[in-house]
Protein chains: 2
Amino acid sequence: MTAADVAQAVGVSRATVGFVLNDTPGQTISEATRQRVLDAAIALGYRPNSAARALARGRSEIVLLVLPDWPMDYAHGRLVEEFAKALDEAGYSLVTWSPREDSHARPLWERLHADLVMGFAPFDDDQQAGIRANGVSKLFPTPDQYIRHSAHWLAITLHLQVDHLRERGHRRIAYAGSPDPRLAAVSRDKARKVAARAAFHGMEFAGERVVDVADGSADRAVRAWVEAGCTAVVACNDYVAAMVAGAALRAGIAIPERLAVIGHDDSPLARVVVPTLTSVRIDAAAAGREAAASALHELGVRPLPAEPDPCAAVLVIRESTGGTATGTEVPCRLIPHDTGHGHAPEIRQMSPSGDGHGASGSGSGGDPVIGE
Amino acid sequence: MTAADVAQAVGVSRATVGFVLNDTPGQTISEATRQRVLDAAIALGYRPNSAARALARGRSEIVLLVLPDWPMDYAHGRLVEEFAKALDEAGYSLVTWSPREDSHARPLWERLHADLVMGFAPFDDDQQAGIRANGVSKLFPTPDQYIRHSAHWLAITLHLQVDHLRERGHRRIAYAGSPDPRLAAVSRDKARKVAARAAFHGMEFAGERVVDVADGSADRAVRAWVEAGCTAVVACNDYVAAMVAGAALRAGIAIPERLAVIGHDDSPLARVVVPTLTSVRIDAAAAGREAAASALHELGVRPLPAEPDPCAAVLVIRESTGGTATGTEVPCRLIPHDTGHGHAPEIRQMSPSGDGHGASGSGSGGDPVIGE
DNA sequence: TTGAAAGCGATACCAG
DNA sequence: CTGGTATCGCTTTCAA
């Protein structure tokens, strides 16, 4: 079924068919033939050949999002969903792809011809060359854009974790890292940022320990932390937090009285385990929308808003740090402002919603972000 | 950077460039020009235009996998990973896509030109028409292939759940469904199969209840089940199982003594919660490989093996039904054989591995699958 | 108001 | 051994 078939069926040229089917502006087609073409197209079940269309127009209306090789957490999944939705509304399709490092086949961006290739992590030079070489493909994010969109939010949530423990009166904390080898690097990075924030508050930081439920390292870690006088643990994510809480439970260490735990991501898991987990999350939907705004700007669809939306983060206080089972949400807003040497986000806690258990006024305005 | 540019740089025709770059058989190019072309291509950073290539060759070496609209569980994720890997090894790229039901944009298979479109659920007629109309795209699965690949495994794992409870001596069981509205249909379907299996064993089935931790329905369900004399609950998935276990814990109902719980999927969650959850899983890697075998057959790359691999399922017995915290794995094999009216899978339990807590010999050979 | 024709960039057939 | 050239299906400019 080609456009030529439709043209022949109607008795017009294939150019006319193209004009009608694409609503080409600046052309005047009589309403009669217009309808005949439309009807014939439907009757024949005509669909334009996407490869030919992409070749002729030079664009495919596809955005390729390259996923990181580490397992995505819940918030990232939500972000991608919202991103896809916003792109869809603008007429673009989002394709997600996880590159395989052990693959010698050509990367997807060399066989897909996307209009735009985005990634969670910056692309290295080889990749950039491959992407750029492929026709009209545009590349995003550039490193600084990446930082603007992701590292800030990460810093915010890590600060929220530490600040919350500080407010609860903890003076000596530790960091629980993920056993997943692919998360090792990002986990370590988080630990550094947490250490810096703890130092800023004058808290003692007892270092990072990778915990796993399979090899008993969680049990050992919990015992070691308590012996070392730690009263609270910042976990890499909710899974790790659950492992810590579970190990403590089995060791007879009361949570949160003797050891408080705070997770990261506010995944569904945090609500279903016993005790329920205090956690932090970003507004994934807003993040996805802002990513879409950047993408659509890059595609030349709309201009980029001058000011990015202030990104919202939320602290959810549940049982693992002394809150209620259902939890209390404490929304925070980041007001980005440039201090000359990097970004110094100001965290402003807003009035807590829920049952009033929320902490108030972390008041860390204007302090520098350490370790970035 | 087009092939013409490379040709000009080297001083040959673009046909020659094409022959060299594609290793076209049946052509004899002198090693000298061959090298010059190759060098020039690298020096100029030439990458073939994927749209043009797809148009000319009629195929893109891309397989499109349409994801279901319900949230995928852990095993499905593993399956997709393995599927992608197997395709990659055959030189194909896997693109996954989640259609948006509220989208009026054209579906991805109409703008991507995949060689093959697969889905987790069968496509409806409109979708099939759209996919078929799009060039050489092939369609998979057809409904019966779909059943062969997925429904069997589902039935197996559900049987494993019920059989295990039966062996533990439970006579009256209930089903805990997921609160996720997108899972409602599949959850109900599972409940029916569980009911049938329970009836086969002469067990009483107390019906399905949707449980959620947010609205207190989990607490109510647990209480109701205990009052109704149920001693065990089959959960739709591990999340639901965790909610049931948590609610029981909070209500002071001992697990597994007064209420046993068995999950589905054997996700990481099952290992981290307290108590750890008994669960069932399929060999997702094998499933992914078989899906890839089907796909590659459909693509004409290799013939399909006459007999599908016997699919393996595993029961992991953990604390929530009386096992140990780390769990005991009981592998099972499905030997498919047709009895004339539908498939009647025989489940053969193999000798348990681990600490010997495993049940032995469910011996349900040859019994009919009810409710399919 | 419609149609002819020139690309888009690569593949592959058939001469030379 | 190498180089024209038709083809893939659609878009788009220009002429009729």
Side-chain angles (χ1 to χ4, degrees), chain A residues 1-38 40-41 44-62 106 110-113 115 133-137, chain B residues 1-38 40-41 44-62 106 110-113 115 133-137:
Chain A
M1 267 299 76
T2 74
D5 296 325
V6 176
Q8 192 175 2
V10 181
V12 297
S13 78
R14 50 170 157 298
T16 306
V17 172
F19 292 146
V20 170
L21 263 35
N22 294 322
D23 271 331
T24 310
Q27 294 290 337
T28 73
I29 308 275
S30 73
E31 191 53 35
T33 51
R34 190 184 153 70
Q35 266 310 326
R36 278 169 47 224
V37 169
L38 249 32
L44 296 174
Y46 167 76
R47 314 286 165 121
N49 179 309
S50 47
R53 171 181 265 255
L55 176 58
R57 312 214 330 181
R59 61 212 158 76
S60 57
E61 285 166 326
I62 287 177
R106 38 173 23 107
E110 288 185 18
R111 42 170 60 147
L112 182 53
H113 197 92
D115 293 344
N134 195 320
V136 297
S137 287
Chain B
M1 268 297 76
T2 75
D5 296 325
V6 177
Q8 191 174 3
V10 180
V12 297
S13 78
R14 51 165 157 296
T16 306
V17 172
F19 291 146
V20 171
L21 262 36
N22 294 321
D23 270 332
T24 309
Q27 294 292 334
T28 71
I29 307 275
S30 72
E31 192 53 35
T33 51
R34 192 184 151 69
Q35 267 310 327
R36 280 174 40 228
V37 169
L38 249 33
L44 296 175
Y46 167 76
R47 314 285 166 122
N49 179 309
S50 47
R53 173 182 261 256
L55 176 58
R57 310 221 317 182
R59 61 212 157 76
S60 57
E61 285 166 328
I62 287 177
R106 38 174 22 109
E110 289 184 18
R111 41 170 61 148
L112 183 53
H113 198 91
D115 293 344
N134 195 320
V136 296
S137 288

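Note on naming: letters A, B, ... go to the chains in the order of the sequence lines (proteins, then strands), and numbering restarts at 1 for each one.
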Full working for side chain to side chain contact (heavy atoms under 4.5 Å, CB included) between A/S50 and B/L112: CA-CA 6 Å; A/S50 47; B/L112 183 53; 5.6 Å; no

May I ask you to verify if any side-chain N or O of [X] is less than 4.0 angstrom from the OP1 or OP2 atom of [N]?
X: A/N22; N: D/dT11; answer: yes
X: B/S30; N: D/dT2; answer: yes
X: A/N49; N: D/dC8; answer: no
X: A/T16; N: C/dG3; answer: yes
X: A/T33; N: C/dT2; answer: yes
X: B/R53; N: C/dT11; answer: yes
X: B/Y46; N: C/dG9; answer: no

Position toward the 5' end of DNA chain C (nearest nucleotide), B/A52 or B/F19: B/A52

Listed nucleotide nearest any side-chain atom of B/S13, set C/dT11, C/dG7, D/dG3: D/dG3

Selected nucleotide, minimal atom distance to A/I29 side chain, candidates D/dC10, C/dT2, C/dA10: C/dT2

Return the value, rounded to whole Å, for the distance between atom [atom1] of [X] and atom [atom2] of [N].
X: B/L21; N: C/dG9; atom1: CG; atom2: P; result: 16 Å
X: B/L55; N: D/dT7; atom1: CG; atom2: C1'; result: 9 Å
X: B/E31; N: D/dT2; atom1: CD; atom2: P; result: 11 Å
X: B/R111; N: D/dT11; atom1: CZ; atom2: P; result: 13 Å
X: A/D23; N: D/dT11; atom1: CG; atom2: P; result: 12 Å
X: B/R59; N: D/dT7; atom1: CZ; atom2: P; result: 20 Å
X: A/R14; N: C/dG3; atom1: CZ; atom2: P; result: 12 Å
X: B/H113; N: C/dA10; atom1: NE2; atom2: C1'; result: 14 Å

Any donor-acceptor N or O pair under 3.5 Å, side chains B/R57, B/N22: no

Sugar-phosphate, base or nothing in reach of A/A15, heavy atoms under 4.0 Å: base

Sugar-phosphate only, base, or nothing, as touched by A/V12 at under 4.0 Å among non-hydrogen atoms: sugar-phosphate

Donor-acceptor pair, side chain of A/S60 and main chain of A/A54, under 3.5 angstrom: no

Verdict with reasoning, B/I62 to B/D115, per side chain to side chain contact (heavy atoms under 4.5 Å, CB included): CA-CA 6 Å; B/I62 287 177; B/D115 293 344; 5.9 Å; no

B/R14 and B/D5 ion-paired at < 4.0 Å: no

